[in-house]
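Working notes, beginning with the structure itself.
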Amino acid sequence: MARTVIEHCAIATVDARDTEYADGHIVLAGNRIESLGPGPAPDGLPEVTRRVDGRGHLATPGLVNTHHHFYQWLTRGLAQNANLFDWLKALYPVWARIDEPMVYQAARGSLAMMMRGGVTTAADHHYVFPRGAGDLLGAEIRAAGELGVRFHPTRGSMDLGESDGGLPPDFAVETLDEALAATERAIDVHHDASPGSMLRIGVAPCSPFSVSTALLRESAVLARRMGVRLHTHGSETVEEERFCKERFGMGPTDYLESTGWLGGDVWMAHCVHMNDSDLAAFARTGTGVAHCPSSNARLGAGTAPVPAMLAAGIPVGLGVDGTASNESGELHTELRNALLIHRLAGGERALTVRQALRLATRGGAQVLGRADELGSLEPGKLADLVLWRLDGLGHSTIADPVAALVLGAPAPVTLSLVNGRPVVADGRLLTADEDEIARAARDEGRRLGAP
């Protein structure tokens with residue numbers, strides 16, 4: 001089996017003991033981590049086809065993005081001063097015009113931007129399916145396969161239009177039966193449950209204010225019957241909390257639990273406005289959270305109680321969220337943003353640099369149900385890892401490499417591997433032409449006609 005040896009780098013394994021090496025080695029065999037430890041690799045390893053000198057670098061697990069909306073790559077920079085509900089009302093009429101070529105190019109742009117910044121596993125939540133628009137979920141799956149990222153797309157849905165008291169316009173929603181049938185078909189066609197899978201599908205009705213109670217309940221039943229995970233938005237804004245209390249007589253967490261939407265197979269995006277009872281319910285059921293600090297700040301939604309979540313044992317990962325509310329589209333900057341936002345809210349010890357790294361790696365893998373294979377550098381785990389250059393101008397005077405990565409300027413990626421395969425080298429994508437992706441996405445954005 002062909003081996004890759006990486007030597008003389010600092011290593012943050014993010015294992016259960018937070019093991020770190022100031023100068024260590026990693027041996028990869030095929031698509032798995034074979035061994036790692038301090039000092040140089042053992043002599044005499046057979047079939048070593050590549051050696052990487054990691055001096056001046058930090059090796060970490062690949063970053064795991066737990067929440068995104070790829071299609072929004074085409075509508076960045078709009079509704080700049082709006083809260084969530086006003087932002088959605090401004091953008092739904094634009095998003096209702098998307099089609100398959102647009103989604104394909106938007107997915108390529110979203111993925112390329114994340115991958116250049118160390119993301120090796122990405123989840124996406126696609127829930128807008130205009131009639132006659134083509135195979136939108138298939139378009140982003142095709143893009144992810146071509147670029148070489150490990151992908152967890154979720155088949156979203158909306159069936160509660162304005163005429164039924166929901167937020168999206170009626171022309172942007174599906175019927176209950178259409179949504180359920182399309183979701184089941186997506187799982188049948190695309191989901192790969194095998195070990196080391198590069199593609200797993202989730203079930204993802206959009207939010208309590210855009211789907212019916214029946215769709216929530218039936219989607220949970222469908223997901224558990226087919227053995228896949230469940231994803232939705234939850235407790236993002238005070239407006240959502242008000243909507244749930246007025247319409248259902250309870251807050252978002254209680255409402256979602258009443259429809260079968262809490263459990264160890266569920267993760268929710270945002271979870272900003274949660275009280276002690278909500279946190280206890282998530283901890284009791286093992287429900288995960290995709291924390292999106294930049295998007296929450298951009299929309300003025302608030303600060304999720306992540307330190308309290310971690311103290312309670314709730315699984316928490318990081319998310320980019322859609323690039324119409326986080327225009328940078330990068331996950332590695334979310335480590336710094338998460339730390340700073342939580343220290344503003346909770347003081348200088350609210351979140352540490354190592355907790356921030358854990359959110360982006362092991363925490364994300366746990367949220368996606370992949371902690372047995374991803375999220376830490378340990379023998380037997382998949383060879384998804386990143387080498388960050390830390391000896392340049394932006395980082396050379398920060399002695400602690402994890403602090404350099406989290407607190408310093410965005411660190412260049414010298415090498416990113418997915419499944420043992422290089423996908424980024426020296427800060428450039430290896431699996432596609434970045435300039436061509438930028439041009440194609442720009443053209444599709446113009447065709448969409450976003451204001």
Side-chain angles (χ1 to χ4, degrees), residues 68-80 82-107 110 124-141 153-186 203-219 222 231-233 236-237 239-240 243-244 246-248 269 295 299 321-325 441 443-451:
H68 210 308
H69 307 293
F70 290 173
Y71 71 91
Q72 293 181 13
W73 187 258
L74 305 184
T75 58
R76 295 189 290 170
L78 305 179
Q80 297 171 15
N83 66 23
L84 175 67
F85 276 23
D86 291 341
W87 176 85
L88 287 171
K89 288 176 181 176
L91 288 169
Y92 270 139
V94 180
W95 295 337
R97 299 196 299 268
I98 60 174
D99 62 19
E100 186 174 340
M102 293 176 190
V103 171
Y104 172 69
Q105 297 299 348
S110 295
D124 188 61
H125 185 188
H126 190 92
Y127 54 86
V128 181
F129 292 92
R131 296 186 185 280
D135 183 4
L136 304 188
L137 189 69
E140 58 179 30
I141 289 172
T154 60
R155 206 295 178 177
S157 52
M158 300 187 294
D159 72 336
L160 192 65
E162 285 181 312
S163 63
D164 293 320
L167 195 64
D170 290 344
F171 58 79
V173 303
E174 302 173 283
T175 67
L176 170 68
D177 290 342
E178 287 171 340
L180 292 171
T183 302
E184 182 164 359
R185 186 164 56 251
V203 175
C206 183
S207 66
F209 52 83
S210 59
V211 306
S212 66
T213 300
L215 181 53
L216 279 172
R217 285 180 176 149
E218 292 302 317
S219 293
L222 169 65
H231 182 50
T232 191
H233 298 91
E236 184 174 0
T237 66
E239 291 84 6
E240 177 187 341
F243 176 93
C244 288
E246 291 176 353
R247 190 173 181 92
F248 310 116
S295 175
L299 295 172
D321 204 6
T323 49
S325 64
D443 292 344
E444 290 300 326
R446 290 174 176 173
R447 189 168 68 85
L448 177 59

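Numbers here simply count residues along the sequence, with the first being 1.
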Atom pairs and distances, donor-acceptor, side-chain atoms in residues 84-91, under 3.5 Å, two or more places apart:
{"residue": "W87", "atom": "NE1", "partner": "A324", "partner atom": "O", "Å": "3.1"}

When rounded to the nearest 0.5 angstrom, what is the spacing between CZ in R217 and OG1 in T213?
6.0 Å
Compare every heavy atom of P205 with every heavy atom of S219, then report the nearest pair and how far apart it is.
OG-CG, 3.3 Å
Are the side chains of C206 and T232 in contact, using a 4.5 Å heavy-atom criterion?
no
How close do E140 and A107 get, heavy atom to heavy atom, and via which atoms?
CB-CB, 3.7 Å
Compare every heavy atom of P101 with every heavy atom of R447, then report the nearest pair and how far apart it is.
NH2-CB, 3.7 Å
Tell me if a side-chain donor or acceptor on E218 pairs with a main-chain N or O of A214 at a distance below 3.5 Å.
no
Sub-6.0 Å ring centroid separation between F209 and H233:
no
Does R97 count as lying over the ring of W95, i.e. NZ or CZ under 6.0 Å from the six-ring centre, within 45 degrees of the axis?
no
CD on Q105 to CG on L74, rounded to 0.5 Å:
8.5 Å
Only one of L137, V128, L136 clears side chain to side chain contact (heavy atoms under 4.5 Å, CB included) with V103; which?
L136
Separation between OG of S207 and CZ of F243, rounded to the nearest 0.5 Å:
8.0 Å
E236 vs L299 side-chain heavy atoms within contact, under 4.5 Å
yes
Would you compute the distance between atom OG of S325 and atom NE2 of H69 and round it to the nearest 0.5 angstrom?
7.0 Å
For the residue pair S157 and L215, establish whether any side-chain heavy-atom pair is separated by less than 4.5 Å.
yes
Report yes if the distance between the aromatic ring centroids of H231 and H125 is under 6.0 Å, otherwise no.
yes
Is the shortest heavy-atom distance from the side chain of P208 to the side chain of E240 under 4.5 Å?
yes
The salt bridge (Lys or Arg N to Asp or Glu O under 4.0 Å) partners of D135 (sequence neighbours excluded) come to none
Minimum side-chain heavy-atom gap R247-L160 below 4.5 Å
yes
Taking A204's backbone N and O only, do any of them form a donor-acceptor pair with T154's side chain (distance below 3.5 Å, no angle check)?
no
Any donor-acceptor pair under 3.5 Å from T183 side chain to A179 backbone:
yes
List the atom of M158, the atom of A172, and the distance in Å for their closest heavy-atom pair.
CE-O, 3.4 Å
Among side-chain atoms of Y71 and Y104, is any donor-acceptor pair under 3.5 angstrom?
no
Is there a donor-acceptor pair under 3.5 Å between the side chain of D159 and the backbone N or O of E174?
no
Residues forming a salt bridge (Lys or Arg N to Asp or Glu O under 4.0 Å) with E178, sequence neighbours excluded:
R131
Quick one: pull up CG in L222 and CG in L180 and give me the separation to the nearest 0.5 Å.
6.5 Å
Establish, for the pair R155 and F129, whether the NZ or CZ atom is under 6.0 angstrom from the six-membered ring centre and no further than 45 degrees off its axis.
yes
Any donor-acceptor pair under 3.5 Å linking the side chain of D321 with the backbone of S295?
no
For residues S110 and W73, report the shortest heavy-atom separation together with the two atoms involved.
OG-CB, 3.5 Å
